Amino acid sequence: MKAKNLFFPTLREDPSEAEVISHKLMIKSGLIRKVASGVYNWLPLGVKILRKVENIVREEMNSFGGQEVLMPMVQPGELWKETERWQKYGKELLVFQDRHEREFCLGPTHEEVITDLLRREVKSHKQLPVTLYQIQTKFRDEIRPRFGVMRSREFLMKDAYSFDLTKENLDLSYKNMKEAYVKIFDRLGLDYRVVKADTGEIGGSDSEEIHVLADTGEDLLVFSNESDFASNVELMLEEGQDPQSLKGKPSPDGKGTLELKKGIEVGHIFKLGTKYSESMNFKIQVENENKFLEMGCYGIGISRIVAAAIEQNNDEKGIIWPEALAPFNVCIIEVNPKNDQKVSNQCEELYKELSNQGFDVLWDNRDQGPGVKFSDMELIGIPNIVTISKKTIENNHFEFRTREEEQGVHLSLNELLTKIKG
RNA sequence: CGGGGCAUAGCGCAGCCUGGUAGCGCACCUGCUUUGGGAGCAGGUGGUCGCAGGUUCAAAUCCUGCUGCCCCGACCA
């Protein structure tokens, strides 16, 4: 893509509305703009990154046997009354009436809708197990939205639901999903941990969270320094206990002592058991018995991952995208093309060559000085930077560096291609 | 909802204390120059000072109410 055709309004100064680094950088680099508190526009560059995350999640969901569906954002009140969450979910549930004064809510999650869907369609154990997922916009009327898309009211989420006949099979589906999650977060290239978690309002038995480690995280996590014990502190605290008091204590599994770290919750997997199948009467006959379905639910905060990735990967110049999330693989900085007609020509050639090789290239052909181009490309975090100028043409080479390097190296076309392929 | 802060040009801010009809930097427009790290000079465009009411000869400035936004807390798949 040519930068002239990309709508990415970058800012020179820090936006006054943002406090945490990821929020500042997302606004500054033209990924998002605020519409209202906790509600954001995603601009082209932001959408590109969102899609990268989505696609990794989608690929792994599919390869682990999940099937994609799309459920509505607007949900009828009756379903929520069946599970009694119409009352219990609290004010986070944004409710309203349609013109016929029927009650609806904006979906903060989809257990009710998916259970309703499957109880109508699944009549035999032969149709099981089934795991469905969607990537869709959720709305939770947070008491205090904050830190941009990190804790917004409207956000993009992948939510998956598994349906099994027995607890043993639920265990398998859960384990399967956990594997998929590990695969996903490995591919995303983030420093993350899987920790034991509270099951909270949503109910159920086992539950684990996936956290991206970052000092600005809202959750405190405890780890053993010797074993793989890891938990959200919530689970370890007595009433009124100071989390810091856990530090240095022996790990509950008897191996090592505890240490604390902060994390951003980006995924959560649950064994729901029969909580929803019972309240919504979803059962299937096996032999002479009617059995309630064993359910699991599995969330990933897609938009939150974008913020978490930035929180973990930035410097004073801007974002440093992990390869898997970068909106472009390479940018070509065209330095002062008016100096020499050949500059643009060579940019065009390289642009075509790299594109043909399957790279997503951003050619900065804007009518700007080199300083602006370098700063912007660094701000938006393109991992590989190629510079073409009168000088590089006279010397018959390309200048190349990665986002994190200060100094460039001089390369031939072939060397450049190998380098970018990494 | 409790505590704190902010609201003045597209963005970042000053002016407010001590009332006299709005300013700076960046951006934007025009021209010339410049061209490897956010260019220079000259000229220019752009504001119901968040909204409503009050005090006053006169309000961005003082008073009251409201709204929005941010931060801390409570809350939170």
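Computed from a predicted structure; not experimentally measured. A, B, ... follow the sequence lines: proteins, then strands. Residue 1 opens every chain.
- Looking at heavy-atom distances under 4.0 Å, T10(A) makes no contact with the nucleic acid at all.
- A donor-acceptor contact under 3.5 Å is formed by the side chain of E378(A) with the base of G37(B).
- Separation of the C1' atoms belonging to U67(B) and G53(B) is 14 Å when rounded to the nearest angstrom.
- Under the side-chain contact (heavy atoms from CB on, under 4.5 Å) test applied with L106(A), the options V74(A), V95(A), T137(A), D141(A) reduce to a single match, V74(A).
- Distance noted for atom P between G65(B) and G73(B): 28 Å (whole Å).
- The 12-atom threshold is exceeded at CG of N5(A), counting heavy atoms of other residues, nucleotides or ligands nearer than 6.0 Å.
- When the C1' atom is compared between C13(B) and U8(B), the two are found 10 Å apart, to the nearest whole Å.
- Nucleic acid contact for F147(A): sugar-phosphate only, since backbone atoms but no base atoms lie under 4.0 Å from a heavy atom of the residue.
- Out of C70(B), U35(B), A74(B), the shortest distance to the side chain of N339(A) is found at U35(B).
- E334(A) is listed as a side-chain neighbour of S344(A), based on a closest heavy-atom distance under 4.5 Å.
- Summarising the geometry, the separation between CD on E316(A) and C1' on G38(B) is reported as 15 Å, rounded to the nearest angstrom.
- The distance from atom CD1 of I143(A) to atom P of C1(B) is 11 Å, rounded to the nearest whole Å.
- Proximity note for R12(A) (side chain, C-beta onward) versus A27(B), C70(B), G37(B): the nearest is A27(B).
- When distances are taken from the side chain of K34(A) to each of A74(B), G38(B), C69(B), the shortest belongs to C69(B).
- Rounded to whole Å, the distance from CD on E19(A) to C1' on C70(B) is 8 Å.
- By the neighbour-count criterion of 12 heavy atoms within 6.0 Å, atom NZ of K317(A) is densely surrounded, having more than that number from other residues, nucleotides or ligands.
- At whole-Å resolution of the value, CG in D364(A) and P in G36(B) are 15 Å apart.
- Nearest nucleotide to the side chain of N336(A), out of C71(B), G38(B), U35(B): U35(B).
- Annotation: C6(B) and G12(B) have their P atoms spaced 16 Å apart (nearest Å).
- The separation of G10(B) from C75(B), taken at their C1' atoms, amounts to 36 Å, rounded to a whole angstrom.
- Pairing partner, C26(B): G10(B), with both Watson-Crick or wobble hydrogen-bond distances short of 3.5 Å.
- Distances shown here put every side-chain N or O of R146(A) at or beyond 4.0 Å from the OP1 or OP2 atom of C71(B).
- The interatomic distance linking D141(A) (CG) with C1(B) (C1') rounds to 14 Å, in whole Å.
- Atom name P, nucleotides G47(B) and U35(B): the rounded distance is 37 Å, in whole Å.
- When both pairing distances are held under 3.5 Å, A52(B) makes a Watson-Crick or G-U pair with U64(B).
- Using N1 to N3 plus N6-O4 or O6-N4 for Watson-Crick, or N1-O2 and O6-N3 for G-U wobble, each under 3.5 Å, C41(B) pairs with G31(B).
- The same atom, C1', is picked in A7(B) and in C49(B); the two are 10 Å apart, to the nearest Å.
- Looking at residues two or more places apart in sequence or on another chain, you find a side-chain contact (heavy atoms from CB on, under 4.5 Å) between R146(A) and R144(A), R151(A), E218(A).
- Nucleic acid contact for E218(A): none, since no nucleic acid atom lies under 4.0 Å from a heavy atom of the residue.
- Taking the ring centre of F359(A) as origin, the terminal cationic atom of K421(A) falls outside the region bounded by 6.0 Å and 45° from the ring axis.
- Going from atom NE2 of H397(A) over to atom P of G36(B) covers 14 Å, rounded to whole Å.
- For M150(A) and C71(B), the CE to P distance is 11 Å, given to the nearest whole Å.
- Considering only side-chain atoms of K338(A), the nucleotide from U35(B), G36(B), C69(B) that sits closest is U35(B).
- Every residue two or more places apart in sequence or in another chain that forms a side-chain contact (heavy atoms from CB on, under 4.5 Å) with Q67(A) is listed here: V130(A), L132(A).
- Between F96(A) and F104(A), the ring-plane angle classifies as parallel under the 30° and 60° cut-offs.
- Pairing for G2(B) is with C72(B), a Watson-Crick or G-U wobble pair whose two hydrogen-bonding atom distances lie under 3.5 Å.
- Residue T387(A) is classed as a base contact, given a heavy-atom separation below 4.0 Å to a base.
- Rounded to whole angstrom, the span from the CD atom of E142(A) across to the P atom of C71(B) amounts to 13 Å.
- Nucleic acid contact class of S375(A) (heavy atoms, under 4.0 Å, all strands): base.
- One can find a donor-acceptor pair under 3.5 Å joining the base of G37(B) and the side-chain atoms of R401(A).
- Put simply, the side chain of Q368(A) and the base of G38(B) share no donor and acceptor less than 3.5 Å apart.
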Report task. Starting at the 5' end of nucleotides 7-13 of chain B, put B wherever the base has a protein heavy atom under 4.0 Å, S where only the sugar-phosphate does, and a dash everywhere else. Result -> ----BSS
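- Straight-line distance between the P atoms of A60(B) and G50(B): roughly 10 Å, to the nearest whole Å.
- The aromatic rings of Y351(A) and W363(A) lie tilted to each other, with the angle between the two planes from 30° to 60°.
- Under a cut-off of 6.0 angstrom, the local environment of CG in D215(A) is sparse, with at most 12 non-hydrogen atoms contributed by other residues, nucleotides or ligands.
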